[in-house]
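Predicted, not measured: the structure shown is a model, and the values here were computed from it. Computation of the quantities below employed the complete heavy-atom set of this structure, encompassing side-chain atoms and omitting hydrogens, waters and symmetry-equivalent molecules.
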Amino acid sequence: MSTPMETARQVADTVLYEGYLLYPYRASAAKNQTRWQFGVLVPPAYTATAEPSSCQTECLLQAGEGATVHVRLRFLHLVARTVERLDDDGEHRPVPSLTVAEETHLTFDEAAERECEAVLPLADLLAAERTVDAGFPAGRTAQPLLTPSGQTVGRVVREHLSVEATVRIGAERLAGPYETVRLRVRVENVCGWEPGTGAGRDDALRRSPIAAHTLLAVAGGEFLSLFDPPEWAGEAARACRNLHTWPVLVGDPERRDAVLSAPIILYDHPAIAPESPGDLFDATEIDEILSLRTLTLTEEEKREARATDPRAARIVERTEDMPGEILERLHGAIRYLRSCGPEPLREEQERVPWWDPGADTSVSPESDGVVVAGVTLARGSRVRLLPGGGASPGLPGGRRADAHDMFLVGRAATVEAVLLDVDGDHHLAVTLDDDPGADLQRAQGRFLYFSPDEVEPLDGEGR
């Protein structure tokens, strides 16, 4: 039962730490002043932010009476990290930061990973709903801060309050010949805390599961996709009631034995790009951009990031030590779908992917041309840009309202390639004549793209 769970864990970890700490990874950064945005299940009595106190997953599986269901709840538990200085009177007093032996310690919140799980026979779930305790007790630790000579000058106190939660798991057999079961998993914050005067979201967060999500696995059965269910299961899939979480198939695409139900919307079989060297706490961003931006931090900013959180320190160290070939891999990768068709034809197509110029020898972007206003435009032709088809963008007659287009109207450019898409439409790849970085754009193959009716020839011959 652990194999599908572990296969899905990398994606689940990304969900767990989504938004945990954002670039520039410093406690003082404005974007890190408000944290913990995804999958927060607040105490029922806390209503100031209208955040839910529970979430519910319903999904479908095909399974007989002998199947076994594995449910694993995962979330972050907020840990308040407080730096205290030891004063001359022997008392420890909280301070924003303390530097000891050239290492800075900051007062800032962390989080601990929590998990609880249950492995239950499907027959038991069909008979009655089961409830699993998912609570964790309060705790406190104190780490002394010592000078190189061994003198105590302060301490770092980590403290977390208790989290009280339950997982209710049930199942029902649906009518029909396909042995279909609707599985329901409901996670609830059952904390009895009543917010007093002045209590805010920070107080509620200390009693809340954060980034809560569930991993489900089945032995002796298969899950059905809710995004693309078989036709006979469409009505049942639409009837599933998912609250504040979205279940998708996860793990090996050839198998259907695991589901990730996350507080962010994903598609079936989400995967981490193999080029990614590690988590950056922002899976919606591009690794290359975040890595390059991290490298631009000043030494003082890097020191603060390292002091902010151990995970932030690992990001800084990873980007600083990243070999050139790894950074180059982050620049991008081309992936394509395998074609369908007769075996000999499919093998031939797989040898030459559709995007490769060799797939169609009649297409040659570097030598092809297209006629505009009676002039054949090809590589090397100079044109004037008219984004939107000859009218000012956003005005009557203009096709677009892209704010970037207004900076390109009337600019002179050079055609670098004439492209033909799968619908038979031409596109011109161009570089701006007055762009000092045009040579760099040309070397990297990064162009601006326009339709033939969005340019006018500047050279009478066009070549």
Side-chain angles (χ1 to χ4, degrees), residues 9-38 76 79 81 83 96-111 113 156 211 264 270-335 403-404 407 431-432 434-448:
R9 191 178 186 92
Q10 187 181 25
V11 175
D13 283 346
T14 300
V15 171
L16 188 65
Y17 285 100
E18 179 71 12
Y20 174 81
L21 191 66
L22 298 177
Y23 171 86
Y25 306 116
R26 304 195 314 269
S28 62
K31 65 176 66 176
N32 288 318
Q33 302 308 301
T34 303
R35 301 165 69 197
W36 325 114
Q37 301 300 311
F38 300 99
L76 294 179
V79 177
R81 184 184 72 205
V83 177
S97 65
L98 185 63
T99 300
V100 182
E102 300 184 355
E103 181 179 359
T104 300
H105 303 267
L106 295 178
T107 292
F108 197 62
D109 286 342
E110 300 176 342
E113 295 181 18
V156 177
I264 56 178
I272 305 301
E275 294 82 12
S276 179
D279 197 359
L280 294 163
F281 306 138
D282 191 350
T284 63
E285 190 50 274
I286 300 172
D287 281 23
E288 181 186 30
I289 293 176
L290 288 179
S291 298
L292 290 174
R293 292 293 294 164
T294 302
L295 290 173
T296 67
L297 296 176
T298 66
E299 290 304 315
E300 181 179 350
E301 290 172 329
K302 290 178 181 178
R303 280 194 295 272
E304 183 185 347
R306 291 187 177 98
T308 295
D309 191 274
R311 294 181 177 89
R314 289 197 288 271
I315 290 176
V316 172
E317 292 164 4
R318 186 174 70 237
T319 53
E320 286 185 329
D321 298 337
M322 189 179 297
E325 59 270 21
I326 299 298
L327 187 59
E328 181 69 21
R329 288 175 57 195
L330 298 183
H331 188 58
I334 297 175
R335 312 188 204 285
H404 185 66
F407 299 106
T431 53
L432 297 175
D434 59 356
D435 183 355
D439 288 342
L440 181 60
Q441 301 293 333
R442 190 176 294 112
Q444 294 183 344
R446 296 195 171 192
F447 306 122
L448 300 173

Axial cation check for Phe281 ring with Arg311, 6.0 Å and 45° limits: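 Because its charged atom misses either the 6.0 Å distance or the 45° angle limit, Arg311 does not stack over Phe281.
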Geometric cation-pi criterion, Arg35 with Tyr20: 6.0 Å, 45°: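 Arg35 over Tyr20 ring: yes.
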Does a side-chain heavy-atom distance below 4.5 Å link [X] with [Y]?
X      : Y      : result
Arg81  : Thr107 : no
Val316 : Tyr25  : no
Tyr23  : Ile315 : no
Thr431 : Asp439 : no
Glu320 : Leu297 : no
Arg329 : Pro277 : no

[X] side chain to [Y] backbone, donor-acceptor under 3.5 Å:
X      : Y      : value
Arg318 : Asp279 : yes
Glu103 : Thr99  : no
Ser291 : Glu288 : no

If I take atom [atom1] from residue [X] and atom [atom2] from residue [Y], how far apart are they, to the nearest 0.5 angstrom?
X      : Y      : atom1 : atom2 : value
Asp13  : Glu18  : CG    : CD    : 12.5 Å
Phe108 : Asp309 : CZ    : CG    : 7.5 Å
Thr294 : Asp287 : OG1   : CG    : 10.0 Å
Leu106 : Arg26  : CG    : CZ    : 11.5 Å
Arg293 : Ile286 : CZ    : CD1   : 13.5 Å
Leu330 : Leu290 : CG    : CG    : 10.0 Å

Under the ring-ring contact (aromatic ring centres under 6.0 Å, His included) test, residues paired with Phe38 that sit two or more places apart: none
Neighbour count above 12 (heavy atom, 6.0 Å) for Glu300 CD: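 No.
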More than 12 heavy atoms from other groups under 6.0 Å of CD on Glu102: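 At most 12 heavy atoms, drawn from other residues, nucleotides or ligands, come within 6.0 Å of this atom.
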Closest contact, heavy atoms only, Ala27 versus Gln33: O-NE2, 2.6 Å
Least distance between heavy atoms, Ala305 atom then Pro24 atom: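 Taking Ala305 first and Pro24 second, the nearest heavy atoms are CB-O, 4.2 Å.
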